[in-house]
Number of protein chains: 2
Amino acid sequence: MAIRPAEQLIHKAAWLYYAHGLRQDEVANLLKISRASVAMYLRKARETGIVNISTSTQLFTDDVMAREVEDAFKLDAVWIAPENAYVADPSTDIAVLAASVFLELVKKGDRIGVAWGRTVYTIADIMSYADLQDVTVVQLCGNLGAPYSYRPDQCTMEIARRLNARGLNFYAPLVLSTEALAQGLRAEPVIRDQLAGISDCDLALYSVGAVDADSHLVKCGALTPAEMEALRKEGAAGVIAGQIIDASGEALDCSYNRRVISAELASLRAIGKRLMVVQEDTKFEPLLAAIAGGLCTHLVIGAHMAERLLQQAGAASKKAS
Amino acid sequence: MAIRPAEQLIHKAAWLYYAHGLRQDEVANLLKISRASVAMYLRKARETGIVNISTSTQLFTDDVMAREVEDAFKLDAVWIAPENAYVADPSTDIAVLAASVFLELVKKGDRIGVAWGRTVYTIADIMSYADLQDVTVVQLCGNLGAPYSYRPDQCTMEIARRLNARGLNFYAPLVLSTEALAQGLRAEPVIRDQLAGISDCDLALYSVGAVDADSHLVKCGALTPAEMEALRKEGAAGVIAGQIIDASGEALDCSYNRRVISAELASLRAIGKRLMVVQEDTKFEPLLAAIAGGLCTHLVIGAHMAERLLQQAGAASKKAS
DNA sequence: CACGGCTCTCGACAAAAGTCAAATCAGGAA
DNA sequence: TTCCTGATTTGACTTTTGTCGAGAGCCGTG
């Protein structure tokens, strides 16, 4: 990013206003510009992440329920968005929380893996800007050809843009028509390197998909509704980074999975912090599968989903005893 | 800190306002309280660090001069406060910058060593609040009996308070009247443990003192002006955490140093990030000594001091060639 | 049970910040 | 040079926010 003459001014204005606590008109006088300009600069400063306004997400982890979920499923940290109220759209609430949590987890110099989906894109879309240095955002799975508004590469790039980070895209389709072609492509140096680099990530951000006709895999034409239904009968429980997993969180042994170009589940598990965000209550089974497979260490969910998880955990422990 | 009933409300208000971007009256409606209360809550939220507003300190490192100082003295990072203008009091400017830098360097779970002095106390005083978890602030040196407004323990506790962290004080005088007593006290388990724990710190914050009659050591009665003058003749170049160092940054071999209860210089050097802040231009020699002794990796200074450092470096390299 | 003393809350006003159309400026093309 | 284009800046206006004193609720005490 070239140093535009205004950049310096924006920074100074932000510094005087936010760090020194001067009023806008005082800043305007010092910098010899009009107050209106100062107001404009400050907006830009916020938009570009020169100033960071973050609210502690404590409240959502402090919750008793969050602790219970943590303990029941052996997760590192759980955030629960209260669904009872306040905001019009409850799923937005989860995304806003997820964005805050995500920004709290990211550190300078980190390498971040990002998958794709409506949830991830929503998070990217509402996430505030930050001025992280030396951050790399890598795409965890191949692209879907479909002209969707939240394609894997778009999720990656949008998040990279917000963080002022490098974005590394995956120049391969998510799913190919033959296993041989997929194998060949995975062996391609460019692709191979990127796949190998995934386990070096410090942080992963993804959601889990449902195995039904609403899945993006179906909507984007990677699978027909009938195929999806067939996979479900074979034991498919969820979709992670474009791959089908079974109830134990392992990749399902099926033709589709063998034709996919995406991060190995083992690589994902090698990532220190795996942040999973689930908005829809219908994704209960997929989430259980993902947790069972050790695919998430940090979890952001709504209150309703948390309740169901605890019920499940209660039932399981009762059965065990 | 007990969970007061309002705490929850403050948090919710802050969340809706800052994270969701609602207006104060919207928040007031949702929470069924008056807008005035919302405004009050939000102020409290800022004061307690529930929301964090931080400005990137990029600008001050991006500076060409800062890079030159970094290279010339092999420091990890240097921030230079422009002295030309803007704010009434230039030394405040350095402290504000230092506080921002400090907050940027602190991470969750860190252990932080804090020394004492006017500079450190000024920083503590203007530092904004933060809600760090699991942070411990330890005092690097013994206390001065003098009823000074910035005693070592006050610096430590104030910073701990601002960060919402634990504060570990040093229950010993900085300097004793005999070497034997000092040795005995250092061997005391309480003191010994604390001294031993200093090298485990992740971050240290201190300034360097001048060897003159204005020094706190003199003002607080630890040394007479005459003794100070004598020490200077013996090669004293600066004061770090209550100890006298020579021009090479090593502890001066003198009775005073042997009577001091403070962090060993070796322990200080074992700390990963050593943030030194120097406000006064007169502390040029002491700063050089501290740098020579490897007592700082991160440095916050004013523009004028930076110029002098670069001159010095230029002269030294010319002499060497 | 009434009484301070306390904190929390509210309404109204004053101050500050956000916004927008019009004016200005810089830089390039004719 | 002059004119045009697009971005930046400004003054005037509107909306939003901060603040203050008054009042309401709460609790322990006499």
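Letters A, B, ... mirror the listed sequences (proteins, then strands); counts begin at 1. Note that the coordinates shown come from a computational prediction; the quantities given were computed from them, not determined experimentally.
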Enquirer: Any idea which of D:dT16, C:dT9, C:dA17 is nearest the B:Arg23 side chain?
Expert: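 Minimum distance to the B:Arg23 side chain belongs to D:dT16.
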Enquirer: Just the rounded figure in Å: distance from P of C:dT9 to CG of B:Leu9.
Expert: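 B:Leu9 atom CG is separated from C:dT9 atom P by 7 Å.
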Enquirer: Expressed as a whole number of angstroms, how long is the span from B:Leu42:CG to D:dG18:C1'?
Expert: 11 Å
Enquirer: Quick check on C:dG18: is either OP1 or OP2 less than 4.0 Å from any side-chain nitrogen or oxygen of A:Gln24?
Expert: yes
Enquirer: Does any pair with a residue in residues 95-110 of chain B pass side chain to side chain donor-acceptor pair (under 3.5 Å), and if so which ones, sequence neighbours excluded?
Expert: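 Pairs touching residues 95-110 of chain B that pass the test: A:Glu104-B:Lys108, A:Lys108-B:Glu104, B:Thr57-B:Glu104.
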Enquirer: With no hydrogens and no angle check, do the side chains of B:Asp281 and B:His304 hold a donor and an acceptor under 3.5 Å apart?
Expert: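 Their side chains do contain a donor-acceptor pair, which is all the 3.5 Å distance test asks for.
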Enquirer: Test of understanding: with side chain to side chain donor-acceptor pair (under 3.5 Å), list the residues that count as partners of B:Asp125, not counting sequence neighbours.
Expert: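 For B:Asp125 there are no side chain to side chain donor-acceptor pair (under 3.5 Å) partners, ignoring immediate neighbours.
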Enquirer: Rounded to whole Å, how long is the line connecting atom CG of B:Asp25 with atom P of D:dT16?
Expert: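 Answer to the nearest Å: 6 Å.
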Enquirer: Got a sec, which residues hit side chain to side chain contact (heavy atoms under 4.5 Å, CB included) with A:Ala160, two or more places apart in sequence or on another chain?
Expert: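 Partners of A:Ala160 by the side chain to side chain contact (heavy atoms under 4.5 Å, CB included) criterion, ordered by chain and then number, come out as A:Val137.
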Enquirer: Can you classify the ring geometry of B:Trp15 versus B:His20 as parallel (below 30°), tilted (30 to 60°) or perpendicular (above 60°)?
Expert: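 The rings of B:Trp15 and B:His20 stand perpendicular, inter-plane angle above 60°.
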Enquirer: Whole-Å distance between C:dC10 C1' and B:Asn29 CG?
Expert: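 One finds 14 Å between C1' of C:dC10 and CG of B:Asn29, rounded.
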Enquirer: Once you round it to whole Å, what is the distance between C1' of C:dT7 and CD1 of B:Ile10?
Expert: 13 Å
Enquirer: Going by the rule salt bridge (Lys or Arg N to Asp or Glu O under 4.0 Å), which residues pair with B:Lys32 if we only count those two or more places apart in sequence or in a different chain?
Expert: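 Once residues adjacent in sequence are excluded, B:Lys32 has no partner under the salt bridge (Lys or Arg N to Asp or Glu O under 4.0 Å) criterion.
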Enquirer: Figure out the NZ/P separation between B:Lys44 and D:dT19, and round it to whole Å.
Expert: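 B:Lys44 atom NZ is separated from D:dT19 atom P by 14 Å.
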Enquirer: Taking side chain to side chain donor-acceptor pair (under 3.5 Å) as the definition, give me every residue that meets it alongside B:Glu68, ordered by chain and number, with sequence neighbours left out.
Expert: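 Checked B:Glu68 against side chain to side chain donor-acceptor pair (under 3.5 Å); zero matches.
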Enquirer: Whole angstrom is fine here: how far is it from CG in B:Leu22 over to P in D:dT16?
Expert: 12 Å
Enquirer: Mind checking what makes side chain to side chain donor-acceptor pair (under 3.5 Å) contact with A:Glu280, not counting sequence neighbours?
Expert: A:Arg118, A:Lys283
Enquirer: Under 4.0 Å, heavy atoms only, any strand: does A:Ile33 hit a base, just the sugar-phosphate, or nothing?
Expert: sugar-phosphate
Enquirer: Please write out the pairs of protein N or O atoms and N or O atoms of nucleotides 21-27 of chain D separated by less than 3.5 Å, giving the distance to one decimal.
Expert:
none

Enquirer: Strictly under 4.0 angstrom, non-hydrogen atoms only: write out the protein contact profile of nucleotides 19-25 of chain C, one letter per nucleotide from the 5' end, B, S or -.
Expert: B------
Enquirer: Find the distance A:Tyr41:OH to C:dA17:P and express it as a whole number of Å.
Expert: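 Between P of C:dA17 and OH of A:Tyr41: 17 Å.
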Enquirer: Counting only side-chain N and O atoms of A:Ser34, is one of them less than 4.0 Å from OP1 or OP2 of D:dT9?
Expert: no
Enquirer: Sequence neighbours excluded, which residues qualify as salt bridge (Lys or Arg N to Asp or Glu O under 4.0 Å) partners of B:Glu307?
Expert: none
